[in-house]
Engineer: 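Handing you this structure, nothing more for now.
Proteins get letters first, then strands, A, B, ... in listed order; numbering begins at 1 in each.
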Amino acid sequence: MLRYIGRRILIAIPTLIIVSLLVFALQKLLPGDPVLTMAGEERDPQVLAFLREKYRLDDPIPVQYFAWIGSALTGNLGISLRTDIPVLDLIMSKLPVTLELAIMAMIVALAIGIPAGIISAVRKGTAVDYTANVIALSGLSIPNFWLGIMLIMLISVRWQLLPASGYVPPTEDLWLNIKTMIMPAFVLGTGLAASLMRHTRSAMLGVMRSDYIRTARAKGLLSRKVILKHALRNALVPIVTLSTLLFGELLAGAVLTEQIFTIPGFGKLIVDAVFNRDYAVVQGVVLCTAVGFIFMNLLADVLYVLVNPRLRHSA
Amino acid sequence: MGHEAARQSPAEVRHIGNAALASEPPLLSVEGLSVRFDSAPKGVNVVDDVSFSVSKGKTLCIVGESGCGKSVTSLALMGLLPTPPARIVAGSAMFDGQDLLTLSERERADLRGDKMAMIFQEPMTSLNPAFTVGDQIAEGIVRHRKVSKAEAMERALDMLRKVRIPAPEKRLRAYPHEMSGGMRQRIMIAMALANDPELLIADEPTTALDVTIQAQILTLIRRLQEETGTAMILITHDLGVVAEVADEVAVMYAGHVVESGPVEAIFDDPQHPYTIGLMGSVPSLGRRQGRLATIRGTVPPAELMPKGCRFTPRCPFSDTRCGNELPPLGEIRPGHLARCWYAPLEQKRGTAA
Amino acid sequence: QTLRIGLNEDPDVLDPHRARTFVGRIVFTSLCNKLVDITPDLKFTPELATEWGWGDDGKSLTFKLRPGVKFHDGEPLNAAAVKANIDRARTLPDSLRKSELSSVESVDAVDDLTVKINLSRADATLLSQLSDRAGMIMSPKALASADFAQKPVCSGPYKFVERVQNDRIVLEKFADHWDAKNFNFDRIVFQPIPDTTVRLANLRSGNLDLIERLAPSDVPAVKSDGNLVFAPVSGIGYQGLTINTNNGERAKSPLGRDKRVRQALELSIDRNVINEVVGQGIFPPAGQPFPQASPYHNPKFAPPARDVAKAKQLLKEAGVDRVKLELTFGTSTTTQQIAEIIQAMAAESGFDITLRPTEFAAMQKEAQAGNFDVNVIGWSGRVDPDGNIHPFVSCKGALNDGKYCNEQVDKLLNEARVINDEAKRKQLYDQAQEILKQDLPIIYTYYQPWPFVQTKKVQNFKPYPDGMIRLKGVKFGS
Amino acid sequence: MTATAAVADDVALPKKRSRVLSKFLKNKSAVVGGAIVLFFILAAVVGPYLAPYDPIKPSFTSIRKPPSELFWFGTDELGRDMFSRMLWGARASIMAGVVSVFIAIALGVPFGLIAGYFGGWIDASISRATDAMLAIPFLIFAIALAAFLGPSLTNAMIAIGLSAMPIFIRLTRGQVLTVKAEDYVEGARAIGLPDFWIMVRYVLPNVLPPILVQGTLTIATAIIAEASLSFLGLGQQPPNPSWGSMLNTAKNFMDQAPWMSIFPGSAIFLIVLGFNLLGDGLRDALDPREQ
Amino acid sequence: MSVMANTSDIILEGVGLKKHFSSGGLLSSPTVVRAVDGVSLDIRRGETFAVVGESGCGKSTLGRLLLRLIEPTGGDVRYEGRSILELNKSELRRLRRDLQIIFQDPFASLNPRMNVGDIIAEPIWLHNLAAGREKRERVADLMRTVGLLPTHSDRYPHEFSGGQRQRIGIARALAGDPKLIVGDEPVSALDVSIQAQIINLLEDLKDRFGLTLVIVAHDLAVIRHMSDRVAVMYLGEIVELSDTDALFDNPLHPYTQALLAAIPIPSPSSRQPKVLLQGDVPSPAAPPSGCRFHTRCPHARAVCKEQHPALETTPDGRQVACHFWREIQGAGAGSISAPPPSAALTKRLALYRTWRERQDKPVATSP
Ligand SMILES: Nc1ncnc2c1ncn2[C@@H]1O[C@H](COP(=O)(O)OP(=O)(O)OP(=O)(O)O)[C@@H](O)[C@H]1O
Ligand SMILES: Nc1ncnc2c1ncn2[C@@H]1O[C@H](COP(=O)(O)OP(=O)(O)OP(=O)(O)O)[C@@H](O)[C@H]1O
Ligand SMILES: [Mg+2]
Ligand SMILES: [Mg+2]
C-alpha cells in the first residue's frame, strides 16, 4: 500500500510541474499589466518603474519562472502584489473557510444525493424515480449565481431568516457561522447532489443487477436488508471514490458561490487575484488547489482500495 | 387440484407415472407453469405450460439449449423473478402442501434459503465481494433460525467442513475474491445447504468450471444429497452431467418441456426429435464415428415462434400440423412422456415418406 | 455599538503612502487623521493642524499642529513625526504619493508643534494633497516595522484591530483621540461586498448599517423602503469618454483627427436620458471636469443638448458619411447600459459603434498602449481642480491615454498650478476649457455621485462630495 | 457434403434493426429531454425571424414594462422586448454549449485515442498534461483563458471548450483501453490492418457513444459556464443578448423587474435540464445492459 | 484417423516459446505470470492440431504467439521454415493473410459498428484482392460458404445469433485465403446443437480449402472428434503431445489421465465412482517447483518436487513430460470407455440422419 502511494506521489510530480508551467504561462498570457493595476489611479511613472523592478517583471519569463519555482520549493510563495500579505498566509487563512464550505456543501450533496439515488434506483421506472431525477437535475441546471441571489432575496431580505452573506469564523460564533453557511452550502451542494444522485442511482442499478444480490435474496433476506446491506455496500465503492473527486468540482463551484455570498475563501481570492493581476496569489493558489486536487485523487484511489476488499487484501 | 378432476390432463398422466415409480407423493409438483415477459410478443410465453415433479432424495435434471427457460423456471419457483418484466401467468407449484405461487412475498422470503435453496451458475459473481464468506453463510442461518451470530458462525464452520474446504477456520474469514471458482462454488453449496433445505435447485452449478473441478463439485453435490435426502433440481445443458446425476430428466425446448422421464429412458430411448438431435450433436468420446448429426438452424426469435410445436422449423420430421397444433405431452411408456405428434418415430415416420 | 459598513470592494494595502484604492481612503478616513480636512463645500478645515499659512511667493507652507495628539500606540504626534511622514511619502521607493508631493523640497520641524514645508516651486495643489493620503500621519515608531501595512498605526478616531482579506476590516474606538467624544461607535466593521445587489440585500436584512455606491437601478426600491435612508451626494468626480486623438495608429481615424467628428459624437448623446434611464436621476449631466460644488465650475460650459441634425451636419462638413468606432468600457452593468445607450443614440447621427467590455486590468494596459478608439472612464475626483484636469489633458499627463497635446492648454494648466489666488486660477481654467470644449479630447457625460444608503437607525450621517465616510457625530438612534 | 448445404442451417434472422432507437423512444426522460432540446434549437434557428422587435435597439419609452400583450415577456432596463431578446439569446446560449463541446470533443478525442491506443510514453505525457489541466478548477481555467483571449462569445466558447477538453481526453482514453482489449480489435490486427485504420474503423466508432453522452451532459455544463462567464463579463458581448448575460443584468433588477430574470433563468434551466435528460436517456439507450 | 499430410511437411513451428506477463503490481510488487513457458511444437500441413488444458494454462496465449499477435518473451515461431519474428512490415502483412484466427466469444469478436458485408470484405480490401463488384461477389460467396444468406450482408452483428456470428468470424478468416487457422475455443460458447453445426462447417472448410487447423479447446469430446494430434498443457507447459487416438486410448501423463477421468460420460448406465484430482490449479504467477503437476499428482514422489521433467519422446513417437510415465502407464487408462449407444438410440439416430439429410436437400438445390 505504501509502495503504491509512493508511486502515485511520484507520478504526481510531473503533473505538478505541468500545472506550474500552465499557471505561469496562463497568467503571463493574460492581457493587462499588473503594475498598472497596482499603481492606482495616479499611475506615477516612477512608481511603475519601481514596482516592475521589485517584482522582477522585466526579467525574461524563464528567469521569472525559475525564481518563482525556486522560492516555492522552499515554501515561499511570495507576497500578494495587492495587499502585501504573504501568499502562504492568505492561503492558510482562506483554506479553512473554503474547506468548511466544501464540507458543508458535500454534506448537503450527500444527504440529498445518496438517498435520492437509492430510492430512484429501487423504484426504477416509477413516478418516484422520475421525480427524484428531475429534482436532482434541477439542482444541476440552475446556475449557481442565480439560485444564490434568489435565495438571498427570498430568505434574507424577504423573510430575514438567515444572514445574506459574509463569513463568521466558527471560533467566534458557531451558531452564526452555521447560519451564514447554510445558503451557500445549499447552493453549492445542490449542484453536486445531482451528479451524486445520478451516480448513486447507476451504481445501485448496476449492483442490483448483479448475481450476488440474487444470492442474497435466495437466502430469504428481506428487501430492506438486501438493499441497505448487500447493494449499498458495494455501490458505495464508486460513490466514495466519486465524492472525493467531487471536491475538485466543489472548488470550482466555490468560485462563484463565494463571489455571490461574499465568503472570503479560495474561490473569491483567486477570482479577485485574476482580475487584479495579483500574480503571486494566482500562482500560489492555483498551485495549492492543484496539490489539493492531486491529493484528493490519491485519496480517492486509496479509499477505493480500502472500501474494496478485493483490492484491500492484495495490498 | 387436478387429481379430483375427471378429465385426465397430460400432467396428471405423468403424475400417475411418477406415482408408480416413487412411493411417496412428490415434494414439489409443478403444473402448467407459464411465465411471460412484458416485452415478449403476445401469446409467447418464455415458459409455457411446464409441468414436472421431484420427490424427496431424487434428482430431476432439466436440460435444454441456452435461453429455453430453464433459469426462468427455477427462478419462478424460488420467487426470484424480476416482476416486472416477468409475470407468472398460469400454473401451480405445490410444495409441502402449499402452492408456492399463491404465497405472499413475505411468506416466500421465509421459505427461501430455508426449506428451499438455490445454487447459481456463476460462482465468481454470485458471492458478495464486500463480505466475508462466513458472514454470508451465517447471515442466511440467522435469518431463518433463532440463533445468535456466533452460533450461526459455528454452523457456517460446520458447513465449510461438510463441503470439504481445507482450513475452514481460516476460510470463514476470507473474502470471496481470495478463492478459486471451485472453492466459491463449494461456498455457495454450503450456503444453500446451511438450513437443511428440503429442495435444492442448482442452476448449472458446474458450467463455469474446469472439467476436473466440475467432477469434484458434482461428486460433492451427489454425496451431500445422499446424506441429507434433499430433493434436487439440477439445471444443465451438458448431457454428460445429466447421465451422471439424474434420476428424472425433463428436456426443455423454447419454453416447453418436450420430453421427460427416467434418465435411462431418455438416454436409451429418446423419443422427441429434439432430444435425438441433441444426442447426435454431441461428439462421442469413443473413436470418431463420422460427421455429427446436427439440428438445423437456431431457436426462432419470439416473434417468429410457431403456434404449435416450437421445434417445427428445425425438425426434420415436421409437417404443417406441427407448426399449427401443439402436440400433447403423450405417454410413451409409464413415466416417459414426449411432446410430439409422431412419437414413437419408427412407427409414425419409420418409412421414408 | 458596532457600525457595519458595506464597501464596494476590498481595500488594498493599509499604508496611506502606498495605497491606491478609493475604498482604502474610506477606511483611512476613520483610521488616520490628516493635517487638514475638507468641508462638504470643499473648503479646508483644521484636523491635525490647527492653522496654516503660505510663505513668501507661495514657496513654503507652515502648519501649526494640534497639541496633545497621540498615536494609537501612545506615541506623541509632533513636528518630527510629521516630517518623518512627509519625507517617507516623498522617498519611499514604492510610495504612490511622490508625484503628489513633487513640489516639496524639504520639511523642517521648526519646533515641537510647527512644521514648515519648503517647496521648489509654488504649488497650489499642495494643501489639497495634504488633505488626503499624503497628509495622513502615521506613528514613526510603527513605521519602522516591516509589516506596517498589516497593523497600521495612525492617530485617527478609530484604531486598527484586524483585517481578513476579502472579508472585513475591523476598527475600534481610540479612547485617547483628541476628539473622542464626538465619535460614538465602539467598533467599525468594513465589509467588502462587491455585488451591489448583495450589498443592498445585506443592508436590508440588517447585517449592515451603511453602504456606499448603491446601484442606480436600486434607487427607486431604496426610496420606497421605509427602513432605509437614501443619502446621495453629487461627487467631485465625473464619468466621460476619452477619445484617442494622438496615441498611435488608432488615433488616425476621422474621430481622432477631426474635432468636428468628436463634436458630432457629443451632440448625438442625450445626457438626460443617461441620467434618467440608467442613473435614476442621480447622474447629473456633465460638460466639464469641475463639479457644481466647485468654485471652478463655470455654467458657460454646460453640456450641449442633443442635436442629431447638427451632428449630421458636422459629419458632412468633416467629409465623412458614417463613422466606425469601438467603445471600450469596464465590465459593470451600469457602464454597459450607458455604452448601449450611447451606441443606440450615436447610431442615429451616423456612428457605427461596436461595444467592447473589457475587464479593468486589461483595459488600463490597452488604454496606455493606445489600443482604443473611445474609452469610457471615470475619475473619483480631487478637491483641487488641478487633479481633475491636469493629468488628463496635459501633454505628459500620467492619465492622458489619448495623448491629447496642446501647448496652449499645457501652458494655461501649468500656470494655474502655481497660483494660489482662486479668481486668477479660475480664469486660467476657463481659458483652457474654452479650447478643450472645441477639441473635445474628453467628452464628459455625468458627475459621479456617491449614493450612500443607511438604515434609519443611523443618525447624523452626512455624505461628502469626496465620497468619504466621516463618522464624527454619527450615532445610532434609539 | 458440400459446404453450401450449410445455408440450410440459416433459418431466419431476428428483425432487430433499430434497437437503440426504440429503446431511446421507450425512455420517457430521454424523449422529454430530446423534445425540450429540439424545441429550443428550433427557437434558436427560426426564432430571430419570428422576433417581434429589434433585440438591440433601446426604447426609452418602454423601460422595464411587465409582461403584457404587447411585450409577452416584458421589457428590459433599456426598454427592449425580452421575448425578442430571448429568441436571439437562444442562439448564443445554445451555440455556446454546442460549439464549445464540439471543440472539446474535436480536440480531446484524438488525444485520448492516441494516448489510449499507443500507451507508453505518449500515454504518460498526454495523461500527465491532462491531469494537470484537470487539477486547475474548470471555471478558473475558463476565466483565465477567456480573459486572455479577450471577452467575446467566440472566445468564451474556445475557453470553455479547452477547459472541458481534458475530461474528454480522459474519458476517451479509458474507453479506448477497454475497447483495445476486445477480441475484434485483435481480429483486426490479425488480418493485418494498420494501426491507423484500426483506430478509425474499430476503436473510434466504439468509444464514441459514451463520449456523445458525456458531450450532451457537458453541453449543459457549458451553457451554465457561458452564463457564469457572462456574469463576469467574459461571455456574449453587449448589446447582443445571451441568456447568461441577460440574467446577469437582470439580477440587478430582481426586485423591480422580476420578469427580467425569470425568463432567461427558466430558459437556461430548461435547456440544461433538456440536455441532461437527453444525455441520461442516451446513456440508457446505448447501454446494452439496460433493458 | 489418417494423417493426410506428409510428416516432414511442417507448416508452423514453435521453438521454446515463452510469454511472461508482468502483471499489475497495483498494490504489491509486480508479479510475473508465466503464461507460456518454453513450449515447442510443430504443426503439420493439413492436420488439425488441438491444444487442451484447464483454464488459465496458457492455451490462448500460445495460439496468439503462433500468429505473432503478441510478441514472445523468448523462443521463435517459424512459418514455412522462416522465423516470423524477423519479418518486415510488408512481409508481416502478407503473413496475416496466411495465418488467421477465430475467437471464442462470438459476441465480442466482431466490431459491433460494422455491417457484416464490410467485416468480411475488410481483408479483401486490405490485401487488394478484389474491388467493386468482384469484391461484393467474393463476400457473397464467402457468406454462402459458411452458411449465411448473402442478402444479410448489410446487417450488423447484433442482429445475428451466436452461431451465425461465429460463421461471420469464420468467413472473415477465410477471406484472405489463409493456409492455417487458429481457432481459440471456437465452439465453447455455443449451444450443443449449434456447436455441432460449427464443427461440421470447420471440417468441411478444412477439406475444401486444404486448411491446417489449430484448435484450442477444453472440451475433450470436441477435440477427440476433430483433431489429429493433441497437445495437453498444464501451467504454461506441454505435458503430453500425441496422436489423438493414442492419447485417448492410452494417456501417458498423469494429468492427461486425470483429465480424461473427469469427463462425465453421457450414459447413465455406466455410472461409476471416479478417481478424482484433488485441489485447484496453482497460480501461473507462482508455479510449483519441479514438475508443476506434483501438487495434484496421485503418483508424485520426492523427485517430482525437485526435478523438472523434460518433454521426452516415447518409442512410438509420442511426447510426454513425466519422470515416471513408463511406470504409471495404464493407471488411468481405459477410464474413457463409453459404452456403445443403445440399440433404440442407434436406430433412431439413423432415422434422424436420414430425415435430416432430406430436410437439407430442397434448400441445397435452390439458388
Ligand atoms: N429479464 C428478462 N427480460 C426479458 N427476457 C428475459 C429476461 N430474462 C430472461 N429472458 C428471456 O427468457 C428466456 C429464457 O431465459 P432463461 O434464462 O430461463 O434461459 P436458460 O434456459 O436458463 O438459458 P441458459 O442456459 O443460457 O442459462 C430467454 O429467451 C431470455 O431471453
Ligand atoms: N494480457 C495479459 N496480461 C497479463 N496476464 C495475462 C494476459 N493474458 C493472459 N494472461 C495470463 O496468462 C495466463 C494464461 O492465459 P491464457 O488466456 O493463455 O489461458 P487459457 O488457457 O486460454 O485460459 P482460458 O481457458 O480461460 O481461456 C493466465 O493466468 C492469464 O491470467
Ligand atoms: Mg440459465
Ligand atoms: Mg483462452
Side-chain angles (χ1 to χ4, degrees), chain A residues 1 114 118 120-130 200-201 203-242 302-315, chain B residues 38 71 74-75 77-82 84-85 105-133 135-145 173-178 184 187-188 191-192 194-195 197 200-201 203 208:
Chain A
M1 190 78 206
I114 290 186
I118 294 174
S120 89
V122 172
R123 297 252 177 280
K124 178 169 186 258
T126 64
V128 179
D129 180 19
Y130 292 125
T200 306
R201 179 176 183 270
M204 281 299 280
L205 282 179
V207 169
M208 295 292 282
R209 258 196 301 261
S210 52
D211 291 341
Y212 54 77
I213 293 301
R214 199 176 53 188
T215 310
R217 301 220 296 138
K219 276 187 271 193
L221 299 187
L222 301 175
S223 297
R224 264 185 80 87
K225 179 135 191 191
V226 172
I227 291 164
L228 293 181
K229 179 177 174 188
H230 287 262
L232 189 57
R233 177 63 210 271
N234 284 284
L236 274 180
V237 174
I239 297 171
V240 165
T241 315
L242 181 83
V302 171
L303 275 178
Y304 184 74
V305 172
L306 288 183
V307 288
N308 203 341
R310 213 177 319 204
L311 297 172
R312 183 172 60 208
H313 278 252
S314 45
Chain B
D38 289 344
S71 297
S74 56
L75 292 175
L77 293 178
M78 286 297 286
L80 291 175
L81 271 182
E105 170 53 32
R106 180 61 205 240
E107 289 165 319
R108 310 262 357 221
D110 287 343
L111 275 180
R112 274 202 296 267
D114 188 12
K115 283 189 171 175
M116 53 197 302
M118 187 160 176
I119 306 172
F120 298 98
Q121 173 171 1
E122 286 294 336
M124 303 312 272
T125 55
S126 290
L127 290 172
N128 194 329
F131 301 102
T132 62
V133 159
D135 192 24
Q136 294 188 58
I137 301 176
E139 182 182 46
I141 303 170
V142 172
R143 162 74 174 90
H144 295 289
R145 301 272 175 272
R173 286 186 307 274
Y175 285 91
H177 70 270
E178 298 169 277
R184 292 192 210 183
I187 303 287
M188 286 294 293
M191 198 182 288
N195 288 322
L200 176 67
I201 302 178
D203 188 354

Engineer: What part of L75(B) gets within 4.5 angstrom of chain A, counting heavy atoms only: side chain, backbone, both, or neither?
Structural biologist: side chain
Engineer: Residues two or more places apart in sequence or in another chain: which of them pass side chain to side chain donor-acceptor pair (under 3.5 Å) with S71(B)?
Structural biologist: D203(B)
Engineer: Is chain A contacted by the side chain of D110(B), its backbone, both, or neither, given a heavy-atom distance below 4.5 Å?
Structural biologist: neither
Engineer: Measure distances from R108(B) to the heavy atoms of chain A and classify the residue's part below 4.5 Å as side chain, backbone, both or neither.
Structural biologist: neither
Engineer: Which of residues 138-145 of chain B have a heavy atom under 4.5 Å from any heavy atom of chain A?
Structural biologist: E139(B), G140(B), R143(B), H144(B)
Engineer: Do the side chains of N234(A) and N128(B) get nearer than 4.5 Å, heavy atoms only?
Structural biologist: yes
Engineer: For V122(A), check side-chain contact (heavy atoms from CB on, under 4.5 Å) against everything at least two apart and list the hits.
Structural biologist: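 Result, side-chain contact (heavy atoms from CB on, under 4.5 Å) vs V122(A): I118(A), I227(A).
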Engineer: Give, as side chain, backbone, both or neither, the part of L80(B) having an atom under 4.5 angstrom from any heavy atom of chain A.
Structural biologist: both
Engineer: Quick one: what part of K225(A) sits under 4.5 Å from any heavy atom of chain B, side chain, backbone, both or neither?
Structural biologist: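 Contact with chain B: side chain only.
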Engineer: Flag the one option from M188(B), E105(B), R106(B) with the top tally of heavy-atom pairs under 4.5 Å to chain A.
Structural biologist: R106(B)
Engineer: Look up atom CZ in R214(A) and atom CE in M78(B), then write down how far apart they are to the nearest 0.5 Å.
Structural biologist: 10.5 Å
Engineer: Ignoring hydrogens and geometry, is there a side-chain-to-backbone donor-acceptor pair from K219(A) to M191(B) under 3.5 Å?
Structural biologist: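 Side chain of K219(A) to backbone of M191(B), a donor-acceptor pair under 3.5 Å: no, none is there.
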Engineer: Please identify each residue that fulfils side chain to side chain donor-acceptor pair (under 3.5 Å) with T200(A), with sequence neighbours left out.
Structural biologist: none
Engineer: Looking only at atom types and distance, does a side-chain atom of T125(B) sit under 3.5 Å from a main-chain N or O of D211(A), one as donor and one as acceptor?
Structural biologist: no
Engineer: I want to check something: taking the side chain as every heavy atom from C-beta on, are Y212(A) and Q136(B) in contact at a cut-off of under 4.5 Å?
Structural biologist: no
